[in-house]
Amino acid sequence: MEKILEGKTTETRNLKSMKMDSMSVREVLTLINEEDKRVPESVQKVIPEIEKAVDLVIETFNKGGRLIYMGAGTSGRLGVLDAVECPPTFGVDKTKVMGLIAGGEKAFIEAQEGAEDSKELAIEELKEIGLTSSDIVCGIAASGRTPYAIGGIEYAKMIGCKTIAISCNRGSMIGKIADVAIEVEVGPEVLTGSTRMKAGTAQKLILNMISTTSMTGIGKVYENLMVDLKITNIKLQERAKNNVMQITGCSYEVAQEALEKSNNQVKVAIVMVLLNCDKEQALERLNQSKGFIREAVK
């Protein structure tokens with residue numbers, strides 16, 4: 001039988017934690033913290049690959065396509081987590097960025113680890129969401145050999161999608177078949193093979209970078225503020241007003257009025273105040289500028 005985990009950094013034992021069971025609580029915590037500090041440095045090394053991935057995602061979004069994350073276990077949960085945060089943060093439809101996890105929704109709260117071994121399951125789920133060549137699929141697999149994620153990438157390529165692979169081992173199986181391979185090596189885990197730790201942290205950082213930078217690239221950010229956020233509660237209502245005030249320099253009352261007149265569309269309210277125009281004129285300027293405030297108010 002093939003030794004599928006042999007030689008993978010994510011499965012190597014960490015020499016610093018060989019006596020973990022006899023270390024004090026403070027010693028274990030300190031060691032975990034020291035190891036975690038290595039993660040951002042490892043991510044920094046793969047920024048060129050992350051940039052290539054973001055360029056593909058922006059291109060996909062501009063053509064009306066979707067970003068689909070796929071993974072099993074921790075990798076899948078991280079993809080779902082990033083996807084579900086996009087609608088409230090950037091005001092996009094819930095289908096714009098989607099997260100598929102092996103074993104379905106129940107796998108998010110209860111481990112369904114056996115589901116990761118099925119390529120067929122990945123294909124079925126991609127067919128269910130109506131994957132087309134206009135979409136982009138990002139397979140996430142710490143080991144780089146998860147059949148579910150690989151099956152998703154293979155199917156996506158077969159129908160003409162662009163593909164991204166995120167793994168934590170160089171020369172990974174999934175990386176070899178994707179258009180862009182982001183392979184971030186964070187070294188052996190403190191708890192051998194527990195890739196929810198450093199590997200999971202690295203994946204989360206990379207997903208943050210991909211979604212945030214891609215959304216910025218399609219006009220969802222002005223300066224460093226969320227200008228397309230969905231106002232779904234009191235906190236976000238106040239944040240929206242603050243954003244309008246900070247960008248335009250207007251009063252609280254003017255910001256509130258602009259938001260009311262714009263049907264709580266933050267970006268529209270901002271343009272209304274900056275150009276002293278009505279909702280329809282603001283929408284027209286934003287349409288002409290493809291949603292970029294900086295261009296709309298020139």
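The first residue of the sequence shown is numbered 1, and numbering continues consecutively from there. All heavy atoms count here, side chains included; hydrogens, waters and symmetry mates do not.
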Say whether, by atom type as modelled, one donor and one acceptor occur between the side chain of Ser24 and the main chain of Glu27 under 3.5 angstrom.
yes
Looking at Glu41 and Lys45, is any side-chain nitrogen of the basic one under 4.0 Å from a carboxylate oxygen of the acidic one?
no
If you round to the nearest 0.5 Å, how far is CG of Leu229 from CG of Asn243?
6.0 Å
Can you see which heavy atom on Val180 is nearest to which on Glu49, and at what distance?
CG1-O, 3.4 Å
Taking every heavy atom of Lys267 against every heavy atom of Asp228, the minimum-distance pair comes out as NZ-OD2, 2.9 Å
Ion pair check, Arg170 and Glu185, cut-off under 4.0 Å:
yes
Test your reading of the model: is there a side-chain donor-acceptor pair from Arg285 to the backbone of Lys298, 3.5 Å cut-off?
yes
Would you name the heavy atoms of Ala72 and Thr146 that are closest together and state the gap between them?
CB-CG2, 4.0 Å
Please determine whether side-chain contact (heavy atoms from CB on, under 4.5 Å) holds for the pair Cys161 and Ile136, giving the CA-CA distance in whole Å, both sets of side-chain angles, and the decisive distance to 0.1 Å.
CA-CA 5 Å; Cys161 294; Ile136 185 166; 5.9 Å; no
Answer yes or no: is there a donor N or O on one side and an acceptor on the other, between the side chain of Thr201 and the main chain of Met197, under 3.5 Å?
yes
Could you tell me which non-hydrogen atom of Ile206 sits nearest to which non-hydrogen atom of Ile50, and how far apart they are?
CG1-CD1, 3.9 Å
Under-4.0 Å salt bridge between Glu124 and Lys127:
no
Taking all non-hydrogen atoms of both residues into account, name the closest pair between Lys162 and Asp179 and its distance.
CA-OD2, 3.3 Å
Could you measure the distance from the OG1 atom of Thr12 to the CD atom of Glu189? Nearest 0.5 Å is fine.
10.5 Å
For the pair Asn169 (side chain) and Ser172 (backbone), establish whether a donor and an acceptor sit closer than 3.5 Å, ignoring hydrogens and angles.
no
Do the side chains of Lys261 and Asp278 get close enough for a salt bridge, i.e. N-O under 4.0 angstrom?
no
Any carboxylate oxygen within less than 4.0 angstrom of a Lys/Arg side-chain nitrogen, looking at Lys241 and Glu238?
yes
For a quick test of reading the model, state the closest non-hydrogen atom pair linking Ser214 to Phe61 and the distance between them.
CB-CE1, 4.0 Å
Would the distance check show the side chain of Ser262 and the main-chain N or O of Leu259 forming a donor-acceptor pair, the cut-off being under 3.5 Å?
yes
